[in-house]
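Data block below; observations after.
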Amino acid sequence: MARQAIIWILPVSIGVAVYLYLIDDSKPELPELKPVTSLEWNHEAGFADKIARGRVPTVFTGSPFLAWPAANWTPSYLATTVPFVLTKRSSKSIFKYFSKNKPLAAVVEVSKDYTEVIKSGREFITSITTASEENFYYASGPAEQLDLPSDVAETDSLTVHDLGNSSSTGTVNFWIGSRSVTAHMHYDTSHNFHAVVYGRKRFLLMPPSANQELKLYPCIHPYYRQAKVNISYVAIGSDSTTKTSSLQEVVLHPGDTLYIPPYWFHQVTSEDVTISLNVWSPSREYAAMETVYNSHIPLDSKWNQYEHTHIQHQPSTLIVSCSN
């Protein structure tokens with residue numbers, strides 16, 4: 001089993017951080033995957049909150065998404081109605097989000113492996129429907145970027161009110177990709193109700209407890225919240241029962257909605273040209289993390305006045321970066 005060790009030393013205001021990256025190039029077979037529970041949506045008030053309390057991935061049929069005009073979106077419809085789309089193109093099918101604002105972005109030997117260009121709606125749809133094995137196209141963002149406000153209905157029934165604010169509403173996003181486009185294994189900090197409108201999408205899911213197995217990039221890395229491990233080749237090893245028993249798989253068809261709890265890992269592959277929508281709602285887990293990161297660092301009575309002022313008013317780049 002070949003291993004390479006790369007050590008990055010980054011000075012920050014509170015000292016020196018040393019990061020050891022272990023890259024495992026072994027490629028064992030995937031284990032048998034567990035299915036995801038499937039239920040019919042209950043349209044009673046507060047059902048999204050009830051589902052979220054369990055923090056368990058669940059597939060739903062008959063969700064409120066189906067009442068939206070957007071549930072009828074097709075490539076031909078978007079080609080004639082969307083003015084422009086910020087389009088990602090790559091020669092690789094797996095897309096990793098690259099955050100150029102992270103402190104390590106300037107020093108690590110990785111870069112954004114996709115280009116971005118603005119295309120008209122028709123050009124974008126032509127790109128994803130005629131994509132070759134050498135070119136993969138993908139677009140996502142807030143739904144308002146598509147300039148089709150009448151196609152998106154109320155979101156309250158799909159919003160999780162985790163922070164106690166009953167008047168809060170979730171944010172709606174779109175996801176459109178060519179066949180085989182894959183969002184690399186990662187986690188989000190929000191509650192996520194994800195509905196497929198067109199095509200089929202395959203989700204691989206793992207719980208937050210899989211973080212050690214997935215070898216996450218640190219919070220100051222441009223690949224923050226993403227796995228170092230290629231999930232297509234999960235290292236099984238001698239303790240395969242504990243390493244693979246949590247891996248779940250589900251294929252969503254048009255009309256299906258998947259609930260993904262906050263901090264659950266997911267990798268998403270378009271089995272066809274796909275169009276989907278999701279609603280994100282803030283989680284109490286993320287709110288707790290923000291509280292910790294925004295707390296004052298305990299002060300040492302032996303520090304001089306300069307040290308007190310510097311630590312209080314010049315927070316470490318490391319701390320600021322980890323809260324984004």
Side-chain angles (χ1 to χ4, degrees), residues 33 36 38 57-66 68-82 84-97 114 116-117 119-146 148 151-152 158 171-186 188 192-205 231-232 248-260 264-280:
L33 306 180
V36 176
S38 183
T58 308
V59 177
F60 295 95
T61 55
S63 81
F65 279 110
L66 297 180
W68 294 11
N72 299 309
W73 281 356
T74 63
S76 58
Y77 172 77
L78 295 180
T80 58
T81 55
V82 174
F84 61 86
V85 181
L86 179 61
T87 306
K88 299 180 178 69
R89 188 203 70 81
S90 177
S91 59
K92 302 176 182 178
S93 62
I94 297 179
F95 284 71
K96 283 185 178 180
Y97 178 72
Y114 54 85
E116 293 180 293
V117 62
K119 290 177 175 279
S120 70
R122 186 173 297 279
E123 289 174 329
F124 172 64
I125 294 301
T126 298
S127 294
I128 66 169
T129 55
T130 62
S132 66
E133 291 301 315
E134 289 78 36
N135 290 287
F136 300 90
Y137 296 90
Y138 174 59
S140 65
E144 56 262 28
Q145 289 182 1
L146 299 182
L148 297 171
D151 285 3
V152 176
L158 292 158
T171 57
V172 184
N173 306 275
F174 72 92
W175 312 84
I176 307 172
S178 56
R179 184 176 181 272
S180 299
V181 161
T182 298
H184 185 68
M185 184 63 80
H186 67 286
D188 298 310
N192 185 355
F193 282 99
H194 191 111
V196 170
V197 170
Y198 185 91
R200 298 167 299 151
K201 298 183 86 168
R202 182 180 303 275
F203 286 75
L204 294 177
L205 301 154
I231 196 61
S232 297
Q248 295 179 272
E249 178 188 46
V250 64
V251 177
L252 298 189
H253 296 78
D256 291 339
T257 298
L258 172 64
Y259 168 64
I260 306 174
W264 269 71
F265 298 100
H266 49 288
Q267 179 164 296
V268 191
T269 300
S270 292
E271 299 289 288
D272 316 292
V273 170
T274 58
I275 303 170
S276 60
L277 295 160
N278 87 306
V279 173
W280 271 328

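For the single chain, residues carry numbers from 1 onward in sequence order.
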Quick check: do [X] and [Y] have side-chain heavy atoms less than 4.5 Å from each other?
{"X": "Trp68", "Y": "Leu158", "value": "yes"}
{"X": "Ile275", "Y": "Tyr77", "value": "no"}
{"X": "Tyr97", "Y": "Tyr114", "value": "yes"}
{"X": "Ile176", "Y": "Trp73", "value": "no"}

| message | Please identify which of these residues, Arg179, Arg202, His253, Lys201, meets the side-chain contact (heavy atoms from CB on, under 4.5 Å) condition with Glu271. | response |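 Among Arg179, Arg202, His253, Lys201, the one meeting side-chain contact (heavy atoms from CB on, under 4.5 Å) with Glu271 is Arg202.
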
Got a second to check how far [X]'s [atom1] is from [Y]'s [atom2], nearest 0.5 Å?
{"X": "Ile125", "Y": "Leu78", "atom1": "CD1", "atom2": "CG", "value": "5.0 Å"}
{"X": "Thr257", "Y": "Asn278", "atom1": "OG1", "atom2": "CG", "value": "10.5 Å"}
{"X": "Leu258", "Y": "Leu205", "atom1": "CG", "atom2": "CG", "value": "6.0 Å"}
{"X": "Phe265", "Y": "Asp188", "atom1": "CZ", "atom2": "CG", "value": "10.5 Å"}
{"X": "Asp151", "Y": "Leu146", "atom1": "CG", "atom2": "CG", "value": "9.5 Å"}
{"X": "Glu116", "Y": "Thr87", "atom1": "CD", "atom2": "OG1", "value": "9.0 Å"}

What pair of heavy atoms forms the shortest contact from [X] to [Y], and how long is it?
{"X": "Val273", "Y": "Pro75", "result": "CG1-CG, 4.4 Å"}
{"X": "Asp256", "Y": "Val251", "result": "OD2-O, 4.3 Å"}
{"X": "Ala195", "Y": "Phe65", "result": "CB-CD1, 3.3 Å"}
{"X": "Ser178", "Y": "Ser270", "result": "O-CB, 3.5 Å"}
{"X": "His186", "Y": "Ala183", "result": "CE1-CB, 4.3 Å"}
{"X": "Ala139", "Y": "Val85", "result": "CB-CG1, 3.4 Å"}

| task | Verify the distance criterion only: is there a donor paired with an acceptor across the side chains of Ser276 and Thr274 at less than 3.5 Å? | result |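 Ser276 vs Thr274: no donor-acceptor pair found between side chains.
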
| Between the side chain of Ser90 and the main-chain N/O of Phe136, is any donor-acceptor distance below 3.5 Å? |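 No: the side chain of Ser90 does not pair with the backbone of Phe136.
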
| Flag, side chain of Thr182 to backbone of Ser180, donor-acceptor distance under 3.5 Å |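 Yes; at least one donor-acceptor contact below 3.5 Å.
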
| Residues two or more places apart in sequence or in another chain: which of them pass side-chain contact (heavy atoms from CB on, under 4.5 Å) with Ser132? |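 By the side-chain contact (heavy atoms from CB on, under 4.5 Å) rule, Ser132 matches Glu134, Asn135.
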
| Given the rule in the side-chain contact (heavy atoms from CB on, under 4.5 Å) test, do Phe60 and Phe193 qualify, once you have shown the distances and angles that lead to the verdict? | CA-CA 10 Å; Phe60 295 95; Phe193 282 99; 4.3 Å; yes

| query | According to the interplanar angle, ranging from 0 to 90°, do the rings of Trp175 and Trp280 count as parallel (below 30°), tilted (30 to 60°) or perpendicular (above 60°)? | reply |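 Because their plane-to-plane angle is over 60°, the rings of Trp175 and Trp280 count as perpendicular.
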
| request: For the residue pair Phe203 and His194, categorise the inter-ring angle as parallel (less than 30°), tilted (30 to 60°) or perpendicular (more than 60°). | output: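 Correct class here is perpendicular.
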
| Does Arg89 CZ have over 12 foreign heavy atoms under 6.0 Å away? |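 Yes, because the 6.0 Å sphere around CZ of Arg89 holds more than 12 heavy atoms from other groups.
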
| field | Phe84, CZ: over 12 other non-hydrogen atoms inside 6.0 angstrom | value |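 No, not enclosed.
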
